[in-house]
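Down below is the structure, laid out as structure tokens.
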Amino acid sequence: MAGALLAAATTATAGGILTNTNQSIDFLRNPARDAAIGLDGVYSNPAGLAFMPEGFHLGVNWQYAHQTRTIDSTDDLFALGKKNNGQTTKTFEGVADAPVIPSIQAALVKGDWTVQFNFSIPSGGGRCNFDNGLGSFERAVGQIAATFMGLDSFAGTLNAVTGSDITDNRVTGYNMESYMKGRQYYYGFQLGTSYKVLDNLSVYGGLRLLYGDATYKARINNIQVRTADGDFDFGTFLPRVSQQVAQITPVATQLLGQLQQKEAAGIALSPEEAGLKSAIENLAATQQAGSLNSLAKYASGVNLLCNQTGVGIAPIVGIDYKLNDHFNFAAKYEFKTQVRMENESTVFEAHEIDAVNKYRDGEEVNEDSPALVTVGAQWSPISEVRINAGGHYYFDKQADWYNNAQEKLDHNSYEILAGAEWDVTDRLTISAGGQLTRYGLTDEYMNDMSFVVNSYSIGFGANYKVRDNVTLKAAFFQTEYGDYKRQQPTVDTFTRTNRVLGIGCEVCL
């Protein structure tokens with residue numbers, strides 16, 4: 001159930017499914033930083049820092065991100081909901097805020113060597129609230145109501161066929177309240193060094209430690225069964241259903257025996273009789289599985305509180321090549337970070353709502369950060385202007401995610417980036433750029449508990465040197481998302497919104 005928060009609580013504004021690439025204000029103002037030479041390269045082009053001026057460089061960045069996630073869900077079960085006015089389509093919206101997305105870059109450049117440190121949130125972070133729950137929440141409750149209505153219909157058929165007097169509970173629908181909330185941060189600590197092998201060639205090697213910390217809260221409460229006689233609390237209504245099943249069982253068993261005897265005698269059953277025989281057998285299977293009796297655990301609703309923590313570490317390598325004063329090329333490879341999130345939860349037993357099981361106490365949840373390769377080029381037609389291009393490729397299908405979700409993707413994710421910056425004066429630089437992001441989405445992969453959508457992003461901003469060694473930075477970044485319409489197993493349309501503001505300061509000592 002609260003699995004939605006895996007994505008919904010994450011405010012990653014750019015990058016792959018479990019990767020966030022906006023780790024600096026320089027990225028916000030021009031995302032194509034893969035071959036740019038600057039302090040933000042500690043994350044985007046670490047080998048390029050070997051070509052920076054000697055000294056100690058320190059940068060601090062602050063970002064504020066606001067996102068929404070919207071799912072238009074369609075299901076005939078929704079028409080049974082008291083608050084849905086008979087409508088089969090309902091909109092569920094989550095609001096995700098990350099008031100503080102920090103990052104720190106530091107580098108000591110001395111001769112041919114550069115020692116670097118980066119603190120960031122490379123797999124995203126923030127909070128998200130779905131104040132009215134999700135469609136999967138309502139479907140679970142709606143299905144219970146539909147089951148009760150099916151029992152009423154079956155009881156009516158048995159009464160008509162056998163002359164019995166089985167109780168009709170006159171169920172017409174359901175009512176409920178639900179919500180989900182989450183907080184999730186993946187903190188990254190990266191340490192490495194670059195070395196200038198030649199005057200125009202440098203290499204980088206480093207390690208990143210990823211620490212995940214998350215809290216999820218979800219609830220389905222005030223579940224009511226609507227009947228022609230009024231609304232009843234789910235817990236108090238269950239004994240009436242048990243009594244009804246107890247009345248149905250002997251009548252259905254006797255009728256099933258008669259129909260089986262008829263078949264054994266070589267007499268073909270009519271379509272109505274065959275349908276009745278199948279219904280009785282399905283009822284027996286239902287009772288044998290104990291699914292009706294197991295509903296008693298939901299008498300007080302579903303309450304989930306889960307804390308997760310996990311750690312992973314992976315190497316990073318990079319290379320930067322300066323063809324001349326006009327062209328620079330760079331590449332970076334981040335190895336897969338294996339992350340296993342450990343659950344400390346109030347959920348101790350398996351649930352019929354399968355997504356809840358992901359948050360059972362003691363469960364180990366696979367949440368690898370996939371391997372990533374980036375390539376970039378920078379062209380300076382004149383010294384005051386730099387034009388950038390880049391590409392990102394995420395090895396999503398080679399990662400290991402919960403329930404092997406990576407296998408449901410059609411292909412790995414990729415991004416294409418472009419941008420430019422212009423030194424208007426010795427102190428003022430303006431820049432802008434964009435990014436196209438594409439995922440290998442399929443109906444099987446997409447669900448309201450965890451989803452991404454293809455998008456394009458634009459960013460712009462400025463740097464201003466208040467002193468020769470102090471630069472202030474400001475930028476705005478916005479992502480425009482498409483819609484993904486899933487047809488199976490249910491009809492849902494997914495989309496998102498995203499806006500980010502950022503400011504920062506860089507100092508050279």
Side-chain angles (χ1 to χ4, degrees), residues 11 13-14 20-46 48-49 51-66 97-109 114-122 125-126 188 190 328 376 378 380 382-388 390 417-435 457-479 498-509:
T11 58
T13 57
N20 187 13
T21 54
N22 66 311
Q23 300 304 323
S24 68
I25 309 308
D26 292 306
F27 176 95
L28 295 183
R29 64 185 180 88
N30 172 16
R33 300 291 297 174
D34 301 296
I37 295 176
L39 183 58
D40 65 298
V42 173
Y43 177 83
S44 58
N45 178 22
L49 268 72
F51 299 108
M52 289 184 62
E54 286 200 357
F56 178 72
H57 302 261
L58 176 65
V60 179
N61 304 271
W62 168 87
Q63 299 179 46
Y64 167 75
H66 175 79
D97 273 306
V100 179
I101 304 177
S103 63
I104 299 173
Q105 291 92 36
L108 177 63
V109 184
T114 304
V115 178
Q116 310 172 20
F117 171 79
N118 178 55
F119 166 76
S120 60
I121 306 180
Q190 182 177 329
N328 189 63
Q378 178 174 278
S380 298
I382 58 176
S383 60
E384 295 83 7
V385 174
R386 292 164 295 282
I387 299 173
N388 308 89
L417 309 95
E421 58 183 14
W422 172 33
D423 297 332
V424 181
T425 70
D426 291 342
R427 293 192 176 276
L428 176 64
T429 299
I430 60 174
S431 60
Q435 171 180 281
S457 304
I458 56 173
F460 59 88
N463 288 358
Y464 185 76
K465 288 186 177 181
V466 294
R467 297 177 61 179
D468 290 342
N469 65 336
V470 179
T471 303
L472 299 181
K473 305 168 182 281
F476 175 77
F477 187 87
Q478 179 165 331
T479 302
N498 171 66
R499 292 177 178 84
V500 186
L501 287 171
I503 58 174
C505 179
E506 183 176 324
V507 179
C508 179
L509 303 176

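Worth saying up front: this structure is predicted, and the values here are computed from it rather than measured.
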- Note on the structure: Smallest heavy-atom separation, Ala106 atom then Val42 atom, equals O-CG2, 4.1 Å
- Message: A side-chain contact here means heavy atoms from C-beta on lying under 4.5 Å apart; do Pro102 and Ile121 qualify?
- Response: yes
- Are Glu506 and Gln105 side-chain neighbours, meaning at least one heavy-atom pair lies under 4.5 Å? no
- Distance-minimising heavy-atom pair for Pro99 and Tyr64: CA-CD1, 3.3 Å
- Task: Starting from the C-alpha separation in whole Å, work towards a yes-or-no answer on side-chain hydrogen bond (donor to acceptor under 3.5 Å, both in side chains) for Arg386 and Asn328.
- Result: CA-CA 10 Å; Arg386 292 164 295 282; Asn328 189 63; over 6 Å; no
- Message: Can you give me the closest heavy-atom contact between Met52 and Gly38, atom names plus distance?
- Response: SD-C, 3.6 Å
- About how many Å separate CG of Leu472 and CZ of Arg467, when rounded to the nearest 0.5 Å? 11.5 Å
- Nearest 0.5 Å, what's the CG-NE2 distance between Leu509 and His57? 9.0 Å
- side chain to side chain donor-acceptor pair (under 3.5 Å) filter on Asn388, not counting sequence neighbours, yields Asn30, Gln378
- Which of Ile503, Leu501, Val100, Leu28 passes side-chain contact (heavy atoms from CB on, under 4.5 Å) with Gln63? Answer is Leu28
- Under 4.5 Å between any side-chain heavy atoms of Thr21 and Tyr43, yes or no? yes
- Message: Using the rule given for side chain to side chain contact (heavy atoms under 4.5 Å, CB included), can you reason through Phe477 versus Asn498, listing the C-alpha separation, both sets of side-chain angles and the distance that settles it, and then say yes or no?
- Response: CA-CA 8 Å; Phe477 187 87; Asn498 171 66; 4.2 Å; yes
- Message: Measuring from atom CG of Leu58 to atom CZ of Phe117, what distance do you get when rounded to the nearest 0.5 angstrom?
- Response: 10.5 Å
- Query: When Asn61 is tested against each of Ser24, Ser103, Ser120 for side chain to side chain donor-acceptor pair (under 3.5 Å), which residue passes?
  - Reply: Ser103
- Query: Would you call Lys473 and Asp26 a salt bridge, using N to O less than 4.0 angstrom?
  - Reply: yes
- Contact summary for Ala462 and Leu428, nearest pair of heavy atoms: CB-CD1, 4.2 Å
- Item | Reported SG-to-CD1 distance for the pair Cys505 and Ile25, which is rounded to 0.5 angstrom | 11.0 Å
- Query: Do the side chain of Asn45 and the main chain of Ala36 share a donor and acceptor less than 3.5 angstrom apart?
  - Reply: yes
- Message: Working to the nearest 0.5 angstrom, can you tell me the gap between Phe56 CZ and Cys508 SG?
- Response: 9.5 Å
- Item | Any residue meeting side chain to side chain donor-acceptor pair (under 3.5 Å) with Thr429, in chain and number order, not counting sequence neighbours | Asp423
- Item | Heavy-atom closest contact (Ala107 atom, Leu39 atom, distance) | CB-CD1, 3.9 Å
- Nearest non-hydrogen partners of Pro122 and Gln23, listed with the distance: CA-NE2, 3.6 Å
- Without swapping roles, check the side chain of Arg427 against the backbone of Lys465 for a donor-acceptor pair under 3.5 Å. yes
